[in-house]
Trainee: 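Got a structure for you, questions after.
When a residue number appears, it is its place in the shown sequence, counting from 1.
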Amino acid sequence: MGNVGVQIVCVALGVLGLIGTIVCCVVPRWKVSSFTGSNIVTAQSSQEGLWMECVVQSTGQQQCKSYDSLLVLASDLQAARAMTIISCLLSILSVLILFCGADFTTCVENEDAKPKISLAAGVGLLLAGLLVIIPVSWSANIVVREFNNQLIPASQKRELGASIFVGWGAGVLLLLGGGLLCCFSRPKSGGSGGTAKYYSNSATAPNKNYV
C-alpha cells in the first residue's frame, strides 16, 4: 500500500529530526567568535551553547565551563532550553505513536483507529518541528542584529554556529514528516464498510404441493 511507504519515510524523517534536535541541544555551537574587521586575533575562539561555553585554543585544546546560573543566560537561550527539550520529548513520543499505529505493524489491530493514530503522530511531529525552528531562528536573529550593530566592539561580536543550521535542518525534517502524515492519514470512509445481504424469494415461503 502507498500509506505504508509514506509511513516508513515519516518514521525515518522523525528519527533523523530527533537526532538533529538532540545534537542541536547538546553541542555548544550556537554562537561562535567572529574574526572580522580589526578582530584578527585567532589564538583562541569562544563557542556558546545552551548549557556551556567553551574556549578553543589554536593548539586544539578546548576548555568548557557550564553556566553558573540560569539567570545569567539571555532570554533567547533560556527559551531555547525549554523548547528544544520539549521538542525532543515530543519527537520521541510521536515516533513511538507512529510506529505503534502504522500499517506495517500489528501493535494496533483496529484498522479504523490506525489513521487517527498516524494523524496524532503527524501533529506531534509538526509541533516538535516548530519548537526547534522557533528558538534557533530567534537566536539567529539576535546574532545577526548584534553583528550589524556598530556600537558593539568587534571582539564581542558572534556569528552563527553549526548548531543553528543543524536545528533548522532538524525542524524541516520534522515538519516534512508531520506534514506527510497529516496529508496521507485520512480516516477511511464508512460507505463501503457495510456488507450487502441477498435473500432468495424462494426461501420466504415453503413449497406446498396440492393434490
Trainee: Under the side-chain contact (heavy atoms from CB on, under 4.5 Å) test, which residues partner A120, sequence neighbours left out?
Mentor: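 For A120, no residue satisfies side-chain contact (heavy atoms from CB on, under 4.5 Å) once neighbours in sequence are set aside.
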
Trainee: With heavy-atom distances below 4.5 Å as the criterion, would you say the side chains of N149 and R145 are in contact?
Mentor: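 N149 vs R145: side chains apart.
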
Trainee: Donor-acceptor pair, distance only, cut-off 3.5 Å: does the side chain of W138 make one with the backbone of S75?
Mentor: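 Checking the backbone N and O of S75 against the side chain of W138, no donor-acceptor pair under 3.5 Å is found.
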
Trainee: Whether the side chain of N148 engages the backbone of V144 through a donor-acceptor N/O pair (distance < 3.5 Å, no angle test) should be reported.
Mentor: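 Pair found, side chain donor or acceptor close to backbone of V144.
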
Trainee: Please say yes or no: joined through hydrophobic side-chain contacts below 4.5 Å, possibly via intermediate residues, are L90 and I133 part of one cluster?
Mentor: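 No, because L90 and I133 fall into different hydrophobic clusters, even though each may have its own neighbours under 4.5 Å.
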
Trainee: When clusters are formed by joining ILVMFWY residues with side-chain heavy atoms under 4.5 Å apart, either directly or through shared neighbours, do L176 and F184 land in the same one?
Mentor: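 Yes, same cluster.
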
Trainee: Are any of the side-chain nitrogens in R158 or E146 under 4.0 Å away from the carboxylate oxygens of its partner?
Mentor: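 Between E146 and R158 there is no salt bridge, as every charged N stays at least 4.0 Å from the carboxylate O atoms.
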
Trainee: Is atom OH of Y67 surrounded by more than 12 heavy atoms (other residues, nucleotides or ligands) closer than 6.0 Å?
Mentor: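 Enclosed: over 12 neighbouring heavy atoms sit under 6.0 Å from OH of Y67.
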
Trainee: Can you get from V166 to I86 by hopping between Ile, Leu, Val, Met, Phe, Trp and Tyr side chains that sit under 4.5 Å apart?
Mentor: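 No, separate clusters.
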
Trainee: Under the rule for side-chain contact (heavy atoms from CB on, under 4.5 Å), what residues qualify as partners of Q61, not counting sequence neighbours?
Mentor: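 Testing Q61 for side-chain contact (heavy atoms from CB on, under 4.5 Å), a comparison that skips the adjacent residues, returns Q57, T59.
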
Trainee: Hey, does the side chain of S46 reach the backbone of V55 with a donor-acceptor pair shorter than 3.5 angstrom?
Mentor: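 Checked: no pair found.
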
Trainee: Return the CD to CG distance between Q7 and L180, rounded to the nearest 0.5 Å.
Mentor: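 Reported value, rounded in 0.5 Å steps: 11.0 Å.
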
Trainee: Taking W51 for its side chain and C25 for its backbone only, find out whether a donor-acceptor pair lies under 3.5 Å.
Mentor: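 Flag set: sc W51 to bb C25 pair under 3.5 Å.
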
Trainee: How long is the straight-line distance from CD of Q47 back to CE of M52, given to the nearest 0.5 Å?
Mentor: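 If we round to the nearest 0.5 Å, M52:CE and Q47:CD are 11.5 Å apart.
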
Trainee: Closest approach of L13 and L174, non-hydrogen atoms and distance?
Mentor: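 Heavy atoms of L13 and L174 come nearest at O-CD2, 4.5 Å.
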
Trainee: Using only atom types and a distance under 3.5 Å, with no angle test, would you say the side chain of R29 pairs donor to acceptor with the backbone of E48?
Mentor: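 Side chain of R29 to backbone of E48, a donor-acceptor pair under 3.5 Å: no, none is there.
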
Trainee: Just wondering, do C182 and V123 contact through their side chains at under 4.5 Å, heavy atoms?
Mentor: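 Touching, per the 4.5 Å side-chain cut-off.
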
Trainee: Mind checking who shares a hydrophobic cluster with V26, ILVMFWY linked at side-chain heavy-atom distances under 4.5 Å?
Mentor: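 L18, I22, I92, L96, listed by chain and number.
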
Trainee: If you measure from NZ on K31 to CD1 on I142, what distance do you get to the nearest 0.5 Å?
Mentor: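 Rounded to the nearest 0.5 Å, the NZ-CD1 separation comes to 6.0 Å.
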
Trainee: At their closest point, which heavy atom of I164 faces which heavy atom of A140, and how far apart are they?
Mentor: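 Between these two residues, the closest heavy atoms are CG2-CB, 4.1 Å.
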
Trainee: Linking directly or through intermediates, with side-chain heavy atoms under 4.5 Å: list the remaining ILVMFWY members grouped with V172, chain and number order.
Mentor: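 Members other than V172 - counting any ILVMFWY side chain reachable under 4.5 Å - there are none.
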
Trainee: Quick one: which residue pairs count as a disulfide (SG to SG under 2.5 Å) with a foot in residues 51-101, not counting sequence neighbours?
Mentor: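 Sorted pair list: C54-C64.
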
Trainee: Look only at the side chain of T84 and the backbone of R81, and say whether a donor-acceptor pair between them is shorter than 3.5 Å.
Mentor: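 Yes, T84 side chain to R81 backbone: donor-acceptor pair under 3.5 Å.
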
Trainee: Transitive ILVMFWY cluster of V32 at side-chain heavy atoms under 4.5 Å: who else is in it?
Mentor: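 For V32, no cluster forms, as it stays isolated from other hydrophobic side chains.
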
Trainee: Distance from L126 atom CG to L131 atom CG, nearest 0.5 Å?
Mentor: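 L126 CG to L131 CG: 11.0 Å, rounded to 0.5 Å.
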
Trainee: According to a hydrophobic-cluster definition based on side-chain heavy atoms being under 4.5 Å apart (Ile, Leu, Val, Met, Phe, Trp, Tyr only), do I19 and V95 belong together?
Mentor: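 In one cluster: yes.
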
Trainee: Distance from L77 atom CG to W30 atom CH2, nearest 0.5 Å?
Mentor: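 One gets 7.0 Å once the value is rounded to the nearest 0.5 Å.
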
Trainee: Looking at S87 and T21, what are the two nearest heavy atoms and their distance?
Mentor: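 Scanning both residues, the minimum pair turns out to be OG-CG2, 3.8 Å.
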
Trainee: Roughly how far, to the nearest 0.5 Å, is the CG atom of L181 from the OG atom of S118?
Mentor: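 S118 atom OG to L181 atom CG measures 6.0 Å (nearest 0.5 Å).
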
Trainee: State, to 0.1 Å, how close G17 and A170 come at their nearest heavy-atom pair, and which atoms those are.
Mentor: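 Nearest pair, atom of G17 first, then A170: O-CB, 3.5 Å.
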
Trainee: Do V4 and V11 sit in the same hydrophobic cluster, where Ile, Leu, Val, Met, Phe, Trp and Tyr count as joined when their side-chain heavy atoms come under 4.5 Å apart?
Mentor: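 Same hydrophobic cluster.
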
Trainee: Counting only N and O atoms by type, is there a donor-acceptor contact under 3.5 Å from the side chain of S33 to the main-chain atoms of S45?
Mentor: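 The answer is no, because no donor-acceptor pair under 3.5 Å joins these two groups.
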
Trainee: Has K157 got a side-chain atom pairing as donor or acceptor with F147's backbone, closer than 3.5 angstrom?
Mentor: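 Answer holds: yes.
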
Trainee: L50 vs S163, test: side chain to side chain contact (heavy atoms under 4.5 Å, CB included). Steps then yes/no.
Mentor: CA-CA 10 Å; L50 298 181; S163 296; over 6 Å; no

Trainee: Would you please test W168 and S137 for side chain to side chain contact (heavy atoms under 4.5 Å, CB included) and show each step?
Mentor: CA-CA 8 Å; W168 276 329; S137 299; 3.0 Å; yes

